[in-house]
Every structure is written in structure tokens, then in C-alpha cells.
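Here the structure comes first, spelled out in C-alpha cells, and everything after it is commentary.
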Amino acid sequence: MSESHVKPGLIYTKEHEWLVVDGNVAVVGITDYAQAALGDLVYVDLPAIGKLAETGKDIAVVESCKAASDVYSPVAGKIVAVNDELKNAPELINQSPYDQGWIFKIELSNPDEIKSLLSEQQYRDLLAAA
């Protein structure tokens, strides 16, 4: 059982990404559970702005002293912004995974994909079963 924080009001994936949708753009990051499992992050490989992302395909990499881990795009679309602060301060993901540690913003190509992702409660249930 994890003691990880699950922020209310967000949408989650089974791969431990979170997103929040505003209009046709989603902000994406990794969950508190994911950052804790990775340990202290030392590098983040951000996607290029304008890159087209496919649902479930790797789009970024977070690297800790323990391992490097792919970040998967929870939805298809075009990368419209990245969190440049992570280049010099990857630890922002450890310190503030749901706020300052966001990784990229994606313009949704199919907003209906959101319906197939996990609610806050479904994600809590996933963590409880782990």
C-alpha cells in the first residue's frame, strides 16, 4: 500500500501520469507515486514543441540515480509547451509533482480519449492494489 498523494480533480493513467484538461489542451506530469518510486530525479528529456504524440507512446524521459523511465503520452496530440524549468531543476518533479513539476502541455487531437483514462478514485484503487 502506497502513501502517495493523489491530487483531487486530475485524470490519471495506469502508467502513473496525470493530466488536467483546460479547453483543448492538457497539462501532463508524473504522479507522486511515480516520482517517489524513481527517487531523486537528475535529468528530464523534454519533447520538442510541435512534436506529434501518440497515445501510450513514450514522449519524454525522466532519469534518476536509480533508473531512466519513459513518460508516456496519455492522449494523442501536438506538444504545445514544455516546462523549461525542469532542464535546470529536474527536482521540481520530486518537490511538486502536480504543480511546478508538470512536464508538457498537449493539444488534444481527440478529446474523447480522456473518457478512457482513470478517475481519481480509480487511480487510488490501482495504487491500493499494487
Side-chain angles (χ1 to χ4, degrees):
M1 176 65 197
S2 172
E3 299 291 328
S4 298
H5 174 65
V6 178
K7 186 173 180 177
L10 302 182
I11 301 166
Y12 294 90
T13 71
K14 292 178 182 174
E15 292 74 31
H16 306 291
E17 286 92 15
W18 61 263
L19 64 158
V20 61
V21 179
D22 183 14
N24 199 34
V25 174
V27 181
V28 180
I30 64 171
T31 65
D32 185 51
Y33 174 86
Q35 69 80 22
L38 287 165
D40 293 337
L41 294 175
V42 295
Y43 179 75
V44 180
D45 185 20
L46 298 167
I49 293 175
K51 182 174 183 169
L52 297 178
E54 295 180 49
T55 305
K57 301 290 184 183
D58 58 307
I59 189 71
V61 176
V62 289
E63 187 175 327
S64 70
C65 295
K66 293 181 186 176
S69 182
D70 290 330
V71 176
Y72 302 102
S73 184
V75 292
K78 182 171 75 175
I79 303 299
V80 293
V82 296
N83 186 351
D84 283 328
E85 290 185 47
L86 297 177
K87 291 178 182 173
N88 296 321
E91 66 274 12
L92 287 175
I93 293 174
N94 294 116
Q95 296 165 356
S96 178
Y98 297 116
D99 296 304
Q100 293 178 322
W102 65 275
I103 298 174
F104 61 88
K105 295 182 181 180
I106 185 168
E107 185 179 82
L108 308 175
S109 63
N110 180 6
D112 284 342
E113 283 186 303
I114 299 300
K115 296 174 186 171
S116 66
L117 299 176
L118 303 177
S119 68
E120 173 193 343
Q121 186 57 53
Q122 289 170 318
Y123 186 67
R124 286 182 190 280
D125 293 344
L126 177 78
L127 292 180

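When reading the values below, keep in mind they use all heavy atoms of this one structure, side chains included, and skip hydrogens, waters and symmetry mates.
Within 6.0 Å of CD in Glu54 there are 12 or fewer heavy atoms belonging to other residues, nucleotides or ligands. More than 12 heavy-atom neighbours from other residues, nucleotides or ligands sit within 6.0 angstrom of CG on Asn24. Atom CG of Asp22 is surrounded by 12 or fewer heavy atoms from other residues, nucleotides or ligands within 6.0 Å.
Put simply, the side chain of Cys65 reaches to within 4.5 Å of the side chain of Val42, judged on heavy atoms. At a threshold of 4.5 Å between non-hydrogen side-chain atoms, the residues Trp18 and Thr13 do not count as touching. Considering only heavy atoms from C-beta on, Phe104 comes within 4.5 Å of Ile59 through its side chain. Put simply, the side chain of Leu127 reaches to within 4.5 Å of the side chain of His16, judged on heavy atoms. In this structure, the side chains of Leu19 and Ile11 come closer than 4.5 Å at one or more pairs of heavy atoms.
Atom CG of residue Asn94 and atom CG of residue Leu38 lie 8.0 Å apart, to the nearest 0.5 angstrom. Between the CG atom in Asn83 and the CD1 atom in Ile93 there is a gap of 8.0 Å [rounded to 0.5 Å]. Here the straight-line distance linking atom CG of Asp32 with atom OG of Ser96 works out to 10.0 Å at 0.5 Å rounding. Remark: Gln35 CD to Asp40 CG distance equals 9.0 Å, nearest 0.5 Å. How far CD1 of Ile79 is from CD1 of Ile106: 4.5 Å, rounded to the nearest 0.5 Å. Summarising the geometry, atom CG belonging to Leu117 is positioned 8.5 Å from atom OG1 belonging to Thr55; distances are rounded to the nearest 0.5 Å.
Linking Ile, Leu, Val, Met, Phe, Trp and Tyr whenever their side-chain heavy atoms come within less than 4.5 Å puts Val21 and Val71 in one cluster. When the side chains of ILVMFWY residues are joined at heavy-atom separations under 4.5 Å, either directly or via intervening members, Val28 and Val82 end up in a single hydrophobic cluster. Cluster membership for Ile114 and Leu126, using ILVMFWY side-chain heavy atoms within less than 4.5 angstrom, is not shared. Under a hydrophobic-cluster definition in which Ile, Leu, Val, Met, Phe, Trp and Tyr are linked whenever side-chain heavy atoms come within less than 4.5 Å, directly or via other members, Ile103 and Leu92 are assigned to the same cluster. In the hydrophobic clustering of this structure, Tyr43 does not group with Leu41; members are Ile, Leu, Val, Met, Phe, Trp, Tyr whose side-chain heavy atoms approach within less than 4.5 Å, directly or through other members.
The minimum heavy-atom distance linking Tyr98 with His5 is given by the pair OH-O, 2.7 Å.
Classified by interplanar angle (parallel below 30°, tilted 30° to 60°, perpendicular above 60°), the ring pair Tyr12/Tyr123 is parallel.
Formation of a donor-acceptor pair under 3.5 Å by the Glu85 side chain with backbone atoms of Gln100 is not found in this model. Put simply, the side chain of Ser73 never gets that close to the backbone of Ala76: no donor and acceptor are under 3.5 Å apart.
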Checklist entry - For Glu113 and Leu108, what are the C-alpha separation, side-chain angles and deciding distance, and is it a side chain to side chain contact (heavy atoms under 4.5 Å, CB included)? => result CA-CA 9 Å; Glu113 283 186 303; Leu108 308 175; over 6 Å; no
Item to check | Derivation and outcome, side chain to side chain contact (heavy atoms under 4.5 Å, CB included), residues Lys14 and Leu118 | outcome: CA-CA 7 Å; Lys14 292 178 182 174; Leu118 303 177; 3.8 Å; yes
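Salt bridge present: Asp99 and Lys7 bring a charged side-chain N and a carboxylate O closer than 4.0 Å.
Neither side chain, Gln122 nor Asp125, offers a donor N or O lying under 3.5 Å from an acceptor on the other.
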